[in-house]
Number of protein chains: 2
Amino acid sequence: MGERSISIHVIERLTTYLRYLKSLPDDGTASVSATKIAAALDLNQVLVRKDLAEISSGGKPRVGYQICSLIEDIETSLGYNDSSSAILVGVGNLGRALLSHKSFRETGVRIVLAFDCDEAEIGTDCCGVRIMATEKMADLCGRLKVHIGIIAVPDTAAQEVCDMLVGCGIKAIWNFAPTHLKVPDDVIVRNENLAASLLILSQQLRERLS
Amino acid sequence: MGERSISIHVIERLTTYLRYLKSLPDDGTASVSATKIAAALDLNQVLVRKDLAEISSGGKPRVGYQICSLIEDIETSLGYNDSSSAILVGVGNLGRALLSHKSFRETGVRIVLAFDCDEAEIGTDCCGVRIMATEKMADLCGRLKVHIGIIAVPDTAAQEVCDMLVGCGIKAIWNFAPTHLKVPDDVIVRNENLAASLLILSQQLRERLS
DNA sequence: TAGATTGTTAATCGATTAACAATC
DNA sequence: TAGATTGTTAATCGATTAACAATC
């Protein structure tokens with residue numbers, strides 16, 4: 001009842017608001033207005049106001065929102081408090097980039113283990129995350145209550161890894177391989193289509209120039 | 001003046017159609033229907049049909065589209081023919097992952113040069129791309145007619161690199177750093193918000209489970 | 001012909017923007 | 001009080017889905 005879930009677009013913007021708010025000096029009583037946030041992030045004022053209205057405990061007319069409580073409200077709505085765990089498969093350049101990506105640290109999602117098939121890597125740590133042999137995945141996932149899997153392997157191995165993850169009880173997959181994964185109905189897949197992203201930018205540029 | 005530009009969503013889907021079509025066996029005369037593409041990629045039939053209608057030279061009722069000419073039509077609409085060049089700044093794990101990412105190769109956008117401030121890397125090659133000192137950026141960009149820049153440096157350096165790129169005449173920036181970049185009006189920025197992407201997946205999962 | 005498929009037109013849905021009343 | 005700002009309601013815009021006619 002009620003509690004309509006937050007849309008993708010809103011979540012995306014909330015993370016940028018949060019970043020901006022944290023960059024502001026705050027003595028614990030400082031305030032900020034939606035107008036100011038919008039200007040700083042090149043967004044529409046009303047959009048920001050609507051986003052904040054959706055998740056915040058309220059601002060004061062003529063004053064704005066108290067920075068520290070707004071930060072708290074955003075973090076709560078993004079689930080920073082009750083955090084969940086994820087495992088990463090594939091510790092190549094991309095995998096390492098993800099493991100070292102600072103911005104995940106602050107997030108409600110933590111990468112707790114990594115898997116790779118390269119014997120030389122197994123048993124070592126990367127950015128504080130232990131790299132394990134893929135054979136141990138099923139056993140470890142069961143114990144750790146992990147529900148999110150990240151696929152950072154070459155596209156030829158992606159479906160195989162995906163099946164393995166599903167077999168381990170993973171219910172949400174973040175896929176960086178340029179492959180459409182086949183999964184059961186109860187598993188969510190989010191594809192990170194990097195090639196498309198670059199193409200989109202290139203097309204927008206072309207359009208602008210013409 | 002007709003020629004309305006293709007939307008972001010359509011571009012994204014077109015890249016997946018292309019991938020699927022290329023995976024099909026084709027003797028040069030084989031056909032495929034929108035229905036089949038939709039089923040293979042878990043998409044709505046009508047959506048696929050509308051996308052294809054927008055960019056293809058037409059299909060035949062009861063038969064479908066000729067695979068090889070559909071591939072050509074998609075590639076043309078995505079600008080695979082008149083390709084453009086991009087430079088990458090930051091050859092850490094993420095930068096290397098992008099340089100080695102196979103799917104860019106087939107794209108109309110080519111990464112022609114990389115820059116880094118690490119002396120040890122300068123002058124070496126990574127995946128066939130030469131790594132240069134950032135000081136030489138302005139000079140090289142002018143000669144190479146590059147308009148796209150990719151920022152894969154730590155967030156603390158992102159704005160500085162951004163300013164540098166703008167100074168070199170770059171008009172479109174693909175930003176992986178979790179920072180809102182300030183740019184002149186004639187420069188396009190596309191932010192790749194990885195933390196948000198993972199959060200979205202995590203939220204969708206939470207919603208599904210509850 | 002019959003029927004699968006294309007392609008178009010209308011309906012729905014969701015997100016953004018605009019207008020405006022409420023408030024401190 | 002006057003005015004900046006919140007928050008809500010209505011209008012617009014765009015994307016997806018549904019319905020249906022056209023076609024081979």
Side-chain angles (χ1 to χ4, degrees), chain A residues 2-17 20-21 24 29-67 69-70 73-74 77 191 193 196 200 203-204 207, chain B residues 2-17 20-21 24 29-67 69-70 73-74 77 191 193 196 200 203-204 207:
Chain A
E3 286 285 324
R4 234 230 246 67
S5 66
I6 309 175
S7 91
I8 288 180
H9 301 260
V10 177
I11 295 178
E12 213 161 319
R13 285 192 298 268
L14 286 176
T15 64
T16 67
Y17 301 163
Y20 170 67
L21 293 172
L24 293 177
T29 62
S31 291
V32 69
S33 70
T35 320
K36 197 178 164 194
I37 298 176
L41 301 175
D42 298 308
L43 291 168
N44 183 302
Q45 284 190 29
V46 186
L47 192 61
V48 176
R49 210 165 285 137
K50 245 198 148 197
D51 288 346
L52 297 186
E54 192 174 336
I55 57 94
S56 89
S57 44
K60 282 183 193 156
R62 168 115 202 150
V63 181
Y65 300 82
Q66 204 189 355
I67 295 179
S69 59
L70 186 53
D73 287 341
I74 296 178
S77 69
N191 293 300
N193 191 340
I200 288 165
Q203 294 282 15
Q204 287 174 336
E207 194 185 327
Chain B
E3 287 286 324
R4 233 230 246 67
S5 67
I6 310 174
S7 92
I8 287 180
H9 302 260
V10 178
I11 294 178
E12 213 161 319
R13 285 192 297 269
L14 286 176
T15 64
T16 67
Y17 301 163
Y20 172 66
L21 293 171
L24 294 175
T29 61
S31 291
V32 69
S33 69
T35 320
K36 198 178 164 195
I37 297 176
L41 301 175
D42 299 308
L43 292 168
N44 183 301
Q45 284 189 30
V46 185
L47 193 60
V48 176
R49 210 166 283 136
K50 246 197 147 197
D51 288 346
L52 297 185
E54 191 174 335
I55 56 94
S56 89
S57 44
K60 280 183 193 159
R62 168 114 201 150
V63 180
Y65 300 82
Q66 203 189 357
I67 295 178
S69 59
L70 186 53
D73 287 340
I74 295 178
S77 69
N191 293 299
N193 192 341
I200 288 166
Q203 294 282 16
Q204 287 174 335
E207 193 185 331

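The chains referred to below are lettered A, B, ... by the order of the sequence lines, with proteins before strands, and numbering in each begins at 1.
Between the CD atom of A:Gln45 and the C1' atom of D:dA4 there is a distance of 11 Å, given to the nearest Å. One interatomic measurement links the two molecules: CG of A:Leu70 to C1' of D:dT6, which rounds to 13 Å at whole-angstrom precision. Going from atom CD1 of A:Ile67 over to atom P of D:dT5 covers 14 Å, rounded to whole Å. Rounded to whole angstrom, the span from the CD atom of A:Glu12 across to the P atom of C:dA15 amounts to 13 Å. Atom pair B:Ile55:CD1 and C:dG7:P shows a separation of 10 Å (rounding to whole Å applied). For B:Ile37 and C:dG7, the CD1 to P distance is 12 Å, given to the nearest whole Å. For the pair A:Asp51 CG and C:dT17 P, the interatomic distance rounds to 11 Å; values are reported in whole Å. To the nearest angstrom, C1' of C:dT6 lies 16 Å from CD of B:Gln66.
B:Gln204 meets the side chain to side chain contact (heavy atoms under 4.5 Å, CB included) test with A:Ile8, A:Ile188, B:Ile200, B:Leu201; sequence neighbours excluded. Under the rule for a side chain to side chain donor-acceptor pair (under 3.5 Å), the partners of A:Thr15 that lie at least two apart in sequence or sit in another chain are B:Asn193. When the side chain to side chain contact (heavy atoms under 4.5 Å, CB included) test is applied to B:Ser69, the partners found at least two apart in sequence or on another chain are B:Gln66. With sequence neighbours excluded, the residues forming a side chain to side chain donor-acceptor pair (under 3.5 Å) with A:Asp42 are B:His180, listed by chain and number.
Checked by atom type, the side-chain pair B:Asp73/B:Ser57 shows a donor-acceptor distance below 3.5 Å.
Rounded to the nearest 0.5 Å, atoms OG (B:Ser7) and CG (B:Leu14) are 9.0 Å apart. Atom CZ of B:Arg49 sits about 12.5 Å away from atom CG of B:Leu43, to the nearest 0.5 Å. Put simply, CD on A:Glu207 and CD1 on B:Ile6 are 9.5 Å apart, with the number rounded to the nearest 0.5 Å. Rounding to the nearest 0.5 angstrom, the gap separating the CG atom in B:Asp51 from the CD1 atom in B:Ile11 is 11.0 Å.
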Intra- and interstrand pairs of DNA chain C - dot-bracket, Watson-Crick/G-U under 3.5 Å, | marks other strand: ..||||||||||||||||||||||

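Nearest to the side chain of B:His9, among D:dG7, C:dT17, D:dA15, sits D:dA15.
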Base-contact (B) and sugar-phosphate-only (S) positions in nucleotides 18-24 of chain D, heavy-atom cut-off under 4.0 Å, - elsewhere: B----BB

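Between B:Thr35 and A:Leu47, it is B:Thr35 whose nearest contact on DNA chain C lies nearer the 5' terminus.
Here B:Arg13 reaches the OP1 or OP2 of D:dT16: one of its side-chain N or O atoms lies under 4.0 Å away.
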